[in-house]
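We count residues from 1, following the sequence as given.
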Amino acid sequence: MPRKPKPPAPGAQPDIEAMIRVDHAGEYGAVRIYEGQLAVLKRRKSAAASVETIQHMADQEQRHLKTFDRLVNERRVRPTALEPVWRIAGFALGAATAAMGEKAAFACTAAVEEAIDKHYAGQIEALEGKDENLQSTVKDFRADEARHRDTALKHGAEQAPGYKLLSEAIKAGCRIAIKLSERI
């Protein structure tokens with residue numbers, strides 16, 4: 001049974017800086033995952049349709065990243081010190097899953113977006129009545145992430161070899177990355 005994120009204690013303010021820091025890191029990681037997938041799949045003529053689909057999702061993630069870049073600067077939030085790790089890990093995850101095939105690349109997307117959907121749901125709840133602008137941004141981006149997950153599923157994510165294991169490993173990695181990026 002999936003764990004529901006804990007809302008802040010009654011009367012406590014959510015840690016807005018940690019939210020912005022982790023969301024900025026997550027959007028950066030998503031951009032890097034798609035860059036890794038595209039680097040591999042663009043070399044396969046047979047993957048042209050998948051490349052077009054992935055490029056569309058990557059463009060949306062780039063918009064998310066630009067928004068969080070702006071929020072980091074406007075609100076003077078310290079970005080995660082783990083950015084060099086996420087740069088390498090994100091690209092490697094994207095490239096590795098794409099090397100396994102188009103369905104595995106989509107399995108990666110579905111898993112990441114499922115983890116992010118849950119993460120953003122917790123933030124939306126925590127931001128209720130506390131930061132309407134940030135909450136609106138997170139709601140907007142959550143809708144995009146849900147569409148990315150649904151797109152990945154429509155493109156055969158669940159048909160990837162070892163889908164369940166691959167999906168659970170990626171979601172666990174996302175949960176760890178979220179916890180680390182909130183703090184570091």
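- Each of Gln55, Glu102, Gln37 was checked for a side chain to side chain contact (heavy atoms under 4.5 Å, CB included) with Ser50, and the lone residue meeting it is Glu102.
- Looking only at atom types and distance, the side chain of His64 has no donor-acceptor partner in the side chain of Asp140 under 3.5 Å away.
- Between the His155 side chain and the Thr151 main chain, a donor and an acceptor come within less than 3.5 Å of each other.
- Cluster annotation: Met100 and Val112 are assigned to the same hydrophobic cluster (Ile/Leu/Val/Met/Phe/Trp/Tyr, side-chain heavy-atom contacts under 4.5 Å, transitive).
- Annotation: side chain of Tyr28 is in contact with side chain of Arg87 (closest heavy-atom distance under 4.5 Å).
- Annotation: the span from Asp23 atom CG to Leu71 atom CG amounts to 9.0 Å, rounded to 0.5 Å.
- A distance of 12.0 Å separates CG of Leu65 from CZ of Arg63, quoted to the nearest 0.5 Å.
- Nearest heavy atoms, Ala160 versus Ala107: CB-CB, 3.9 Å.
- Contact annotation: the side chain of Glu113 never approaches that of Asp117 to less than 4.5 Å [non-hydrogen atoms, C-beta and beyond].
- Atom OG1 in Thr137 sits 13.0 Å away from atom CE in Met19 (nearest 0.5 Å).
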Original post:
What do the steps show when you test Arg75 against Asp131 for salt bridge (Lys or Arg N to Asp or Glu O under 4.0 Å), and what is the final call?
Top reply: CA-CA 13 Å; Arg75 297 186 185 206; Asp131 189 324; 2.6 Å; yes
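- When all heavy atoms are compared, the tightest approach of Ala47 to Leu41 is CB-O, 3.7 Å.
- Ion pairing of Arg21 with Asp15 is absent here, as no side-chain N (NZ or NE/NH1/NH2) approaches a carboxylate O to less than 4.0 Å.
- A distance of 4.0 Å separates CD1 of Ile54 from CZ of Phe106, quoted to the nearest 0.5 Å.
- Counting only distance, with no hydrogens or angles, the side chain of Arg183 and the backbone of Lys179 share a donor-acceptor pair below 3.5 Å.
- Using a distance-only test at 3.5 Å, with no hydrogens or angles considered, no donor-acceptor pair links the side chain of Ser181 to the main chain of Thr80.
- Counted within 6.0 Å of CD on Glu52, heavy atoms from surrounding residues, nucleotides or ligands total 12 or fewer; the atom is thus considered open.
- In this structure, Met57 and Tyr34 have side chains that are in contact, with non-hydrogen atoms separated by less than 4.5 Å.
- Between Val72 and Ile20 the shortest heavy-atom distance is CG2-CG2, 3.8 Å.
- Rounding to the nearest 0.5 angstrom, the gap separating the CD atom in Gln135 from the CD atom in Glu125 is 10.0 Å.
- Across Cys108 and Ile170, no two heavy atoms sit closer than the pair CA-CD1, 3.7 Å.
- Centroid-to-centroid, the aromatic rings of Phe68 and Phe141 come within less than 6.0 Å.
- How far NZ of Lys154 is from CG of Asp150: 6.0 Å, rounded to the nearest 0.5 Å.
- Residues Gln123 and Val22 meet the side-chain proximity criterion, which asks for heavy atoms closer than 4.5 Å.
- For the pair Ile16/Leu127, a side-chain contact is recorded, criterion being any heavy-atom separation below 4.5 Å from C-beta on.
- Cluster annotation: Leu134 and Ile178 are assigned to the same hydrophobic cluster (Ile/Leu/Val/Met/Phe/Trp/Tyr, side-chain heavy-atom contacts under 4.5 Å, transitive).
- No path of Ile, Leu, Val, Met, Phe, Trp and Tyr side chains, each step under 4.5 Å between heavy atoms, connects Leu93 with Trp86, placing them in separate hydrophobic clusters.
- No salt bridge links Asp144 with Lys139; every basic N to acidic carboxylate O contact stays at or beyond 4.0 Å.
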Subject >> Derivation and outcome, side chain to side chain donor-acceptor pair (under 3.5 Å), residues Tyr120 and Glu145 >> reply: CA-CA 9 Å; Tyr120 276 164; Glu145 309 301 4; 4.5 Å; no
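- Between Arg44 and Ala98, the shortest heavy-atom distance links the atoms NH1-O, 3.2 Å.
- Across all non-hydrogen atoms, the minimal contact from Val40 to Ala95 is CG2-O, 3.6 Å.
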Original post:
Would His148 and Gln60 satisfy side chain to side chain donor-acceptor pair (under 3.5 Å), going step by step from the backbone distance to the final call?
Top reply: CA-CA 10 Å; His148 296 172; Gln60 289 180 321; 2.5 Å; yes
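- Looking at Glu17 and Arg78, no side-chain N of the basic residue comes within less than 4.0 Å of a carboxylate O on the acidic one, giving no salt bridge.
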